[in-house]
Engineer: 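Let me give you the structure first, and then I'll get to my questions.
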Amino acid sequence: MSRLDAPVTALSGVGPAIAGKLERLGVERVADLLFQLPIRYEDRTRVTPVGAAIAGTRCVIHAEILLAEVVFRGRRSLLVRVGDGTGQLTLRFFHFSNAQKNMLQRGRWIVCYGEFRHGPSGPEMVHPEFRVVSEDDTPKLSDRLTPVYPTTEGLHQARMRTLVGKALAQLDREPPAELLPPGTRVAGSQTTLAEAIRFLHAPPPDVSLDALADGTHPCQRRLALEELVAHHVSLRQLRVQVRDTQAPVLAGDRSLLDAFISRLPFEPTGAQQRVLDEILEDTADAEPMMRLVQGDVGAGKTVVAAGAALAAIGAGHQCALMAPTELLAEQHFRSFKVWFDPLGVEVAWLTGSQRAAERREALAAVADCSARMVVGTHALFQEQVQFAALGLVIIDEQHRFGVHQRLSLRDKGTADSIPHQLVMTATPIPRTLAMTAYADLDTSVIDALPPGRTPVTTVVVPEQRRDEVVQRVAAACAEGRQAYWVCPLVEDSEVLDYQAAETTAAMLREQLPANTIGLVHGRMKPRDKERAMAAFSRGDSDVLVATTVIEVGVDVPNASLMIIENAERMGLAQLHQLRGRVGRGSAASSCVLLYKAPLSRMAKERLAVLRESTDGFVIADKDLELRGPGEVLGTRQAGAMNLRIADLARDADLLPTVHATAQTVLDGDDATITRRIDALVARWIGSASRYGNV
Ligand code: ADP
Ligand code: MG
């Protein structure tokens, strides 16, 4: 094994504690340190005369200590007055050891680095880094910019620099193989991987810092290209592997499917029909289907899923439908029960939270094929779940699951066949991104909403006008309608989210005493959550205050008003999803986006997009333009790609090169292909655990 592939603990000075901290930064192997690029750089390549230092900039000063004293003005501090003949300044230390104090003696010369500024008593630097040197020594300076790395609590910058330094030394001893085909170019640059890495960790002072900050320097692009190629080929190879296997031919009896369609209270839309036909064609073949169905919220994906399921069931096989949350799974379960019971098709239910007896029963029904349809959460993956004849796997809201989770359901097929796979997502993904993020899937789009929907009117309102918004809620309730009130997510903190939701619920209860206010948040037990949702769904509560847990799932046609707080902090895709919870019935619906002023120009533009469009694809494209794919795909979904350096939006222009390069990699002879792909995957994606796990 190459030393670069060794775990970080192979480096001297790295024990379990440091390794644990590094892991938080996504650094597990020595090589990972190389891909941990600096977030910015400091220029310590030259000495600035004190008289020429510019306030607000960081610089290196070489000066003599004129006076050092400990003072007690408010707090104990060490003041060190230094000068270099061109000017004087004061170094202030609030924390200092005796050793440090003793080092800083009058008459000595020091080199220090810090932010130069004008303090209350003249020029100063607070807590500069310093080193005692001799007067006539030209201080030893770096000829390269100094990297500043992302760090985490308890892992200091200096330590990070040392560790990366060790990894770089290893890189010099064993230069990594070039894995991209010869002749691959990024904007005229011909740097090798090793050169690009070395450059980015210690660029020369004349480098364009703007390009580095934007991530558009040719060296960064060289790494981004290779990373994207690695992801792309690994997905493509997955697809080839899947194609080499067999899936059951699901072209049997259509009577179940026909009966289902004829019993629906509505006609499937043309888009639904077309996508269903694409699926039926795919599954009538022994080559396993791997298809992504995109459709805006409310486009009617569930009906299409049910149709596909009945094709499998009609052909004597089973279908498993997996949803990311219990709530959503439950909703699907209910829909499928309503549709399938009259057809005599048993639907089983499997989740992590169900009682043991209930679960045993479901497992038995799945194992002996008496249940042809199984709906559940990721509990469907578990080992004890044995399908008798799994022919089709449907995964809803794909972005919540990683690629590997998706694959583990595939392994639930019989010995000589794997199930067909259908993935459904409500997050519209622009095509170039889809080609990269879902290179292993074919895509279908349900591009029209069922008729009779009135588009949701969206308004953007500053939070100072909250009272008016409350009146709006009151008016909607007075008309017998219901409303959602979505509280902000507070920095990933469940506790604070829950407090925000509680406070809002209390405020509404006080201001709307005649109405019933329900509450759901992430800290509630699933059962209590269900209860609150069910009450809202029955119309027993008028307003549902929620954290974003309602993002997926609930279908309450009587709800016609959606209030979203701190809308400026949410992604457009997420806002669009939330808004999709209203406008499901025939009543005119509206969505109020509350924001905290002042809004940045970008935030204004983003919210305006939502006001002006209700088309998920238009919104996704705009979002990509304005912000980048993290937002478009949703954080979790971007996490499924787990990119270290590349950024799908910023590097979108690289994608044609990525696809062409990937093709060249995949066109070699078998042995070369496998070796290259394995090496690329090992370098960029690492163990399966870091790829696509949620
Ligand atoms: P999605 O999962 O795509 O967001 P759903 O499948 O939950 O959408 O469908 C949203 C709502 O539209 C459901 O109440 C469903 O019964 C209804 N629906 C689906 N297809 C049609 C159609 N062709 N015509 C009218 N209503 C439909
Ligand atoms: Mg749905």
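Read the numbers this way: they start at 1 and go in the same order the structure lists the ligands and their atoms. The figures that follow rest on heavy atoms only: side chains count, while hydrogens, waters and symmetry mates do not. Please read these numbers as outputs of a predicted model, since none were measured by experiment.
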Engineer: Taking only heavy atoms of Thr269 into account, list the atoms of ligand 1 that are under 4.0 Å away from them.
Structural biologist: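 Taking each heavy atom of Thr269 in turn, ligand 1 has 23 (N) under 4.0 Å.
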
Engineer: Heavy atoms only: which of Leu264, Asp296, Thr302, Val293 lies closest to atom 2 (O) of ligand 1?
Structural biologist: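 The option holding the nearest heavy atom is Thr302.
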
Engineer: Looking at ligand 1, does any of its N/O atoms fall within less than 3.5 Å of an N/O of Gly300?
Structural biologist: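 It does: an N or O of Gly300 is found under 3.5 Å from an N or O of ligand 1.
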
Engineer: Among side-chain atoms of Thr351 and Gln354, is any donor-acceptor pair under 3.5 angstrom?
Structural biologist: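 Thr351 vs Gln354: no donor-acceptor pair found between side chains.
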
Engineer: In terms of relative ring orientation, are Tyr484 and Phe536 parallel, tilted or perpendicular, with 30° and 60° separating the classes?
Structural biologist: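 Rings of Tyr484 and Phe536: tilted, 30 to 60°.
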
Engineer: Within ligand 1, which atoms have a heavy atom of Glu267 less than 4.0 Å away?
Structural biologist: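 That gives atoms 22 (C), 23 (N), 24 (N) of ligand 1.
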
Engineer: Could you work out, for atom 3 (O) of ligand 1, the closest of Lys301, Gln577, Arg584 by heavy-atom distance?
Structural biologist: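 Looking at heavy atoms only, Lys301 sits closest to atom 3 (O) of ligand 1.
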
Engineer: Indicate yes or no: does Lys301 engage Asp396 in a salt bridge with an N to O separation below 4.0 Å.
Structural biologist: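 No, this pair does not count.
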
Engineer: Residues two or more places apart in sequence or in another chain: which of them pass ring pair (Phe, Tyr, Trp, His ring centres under 6.0 Å) with Tyr595?
Structural biologist: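 With neighbours one apart ignored, the set is empty.
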
Engineer: Considering both backbone and side-chain atoms of Gly298, is one of its nitrogen or oxygen atoms within less than 3.5 Å of a nitrogen or oxygen in ligand 1?
Structural biologist: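 It does: an N or O of Gly298 is found under 3.5 Å from an N or O of ligand 1.
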
Engineer: Does Glu568 come within less than 4.0 Å of Lys604, counting only side-chain N to carboxylate O?
Structural biologist: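 The answer is no: the pair does not qualify as a salt bridge.
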
Engineer: Could you tell me which atoms of ligand 1, counted from 1 in the order shown, lie closer than 4.0 angstrom to a heavy atom of Pro268?
Structural biologist: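 Ligand 1 atoms under the 4.0 Å threshold to Pro268: 23 (N).
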
Engineer: Which residues satisfy the ring pair (Phe, Tyr, Trp, His ring centres under 6.0 Å) test with Trp485, sequence neighbours excluded?
Structural biologist: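 Not a single residue meets the ring pair (Phe, Tyr, Trp, His ring centres under 6.0 Å) criterion with Trp485.
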
Engineer: If we only consider heavy atoms of Ala299, is any one of them less than 4.0 Å away from an atom in ligand 1?
Structural biologist: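 It does, in that a heavy atom of Ala299 comes within the 4.0 Å cut-off of ligand 1.
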
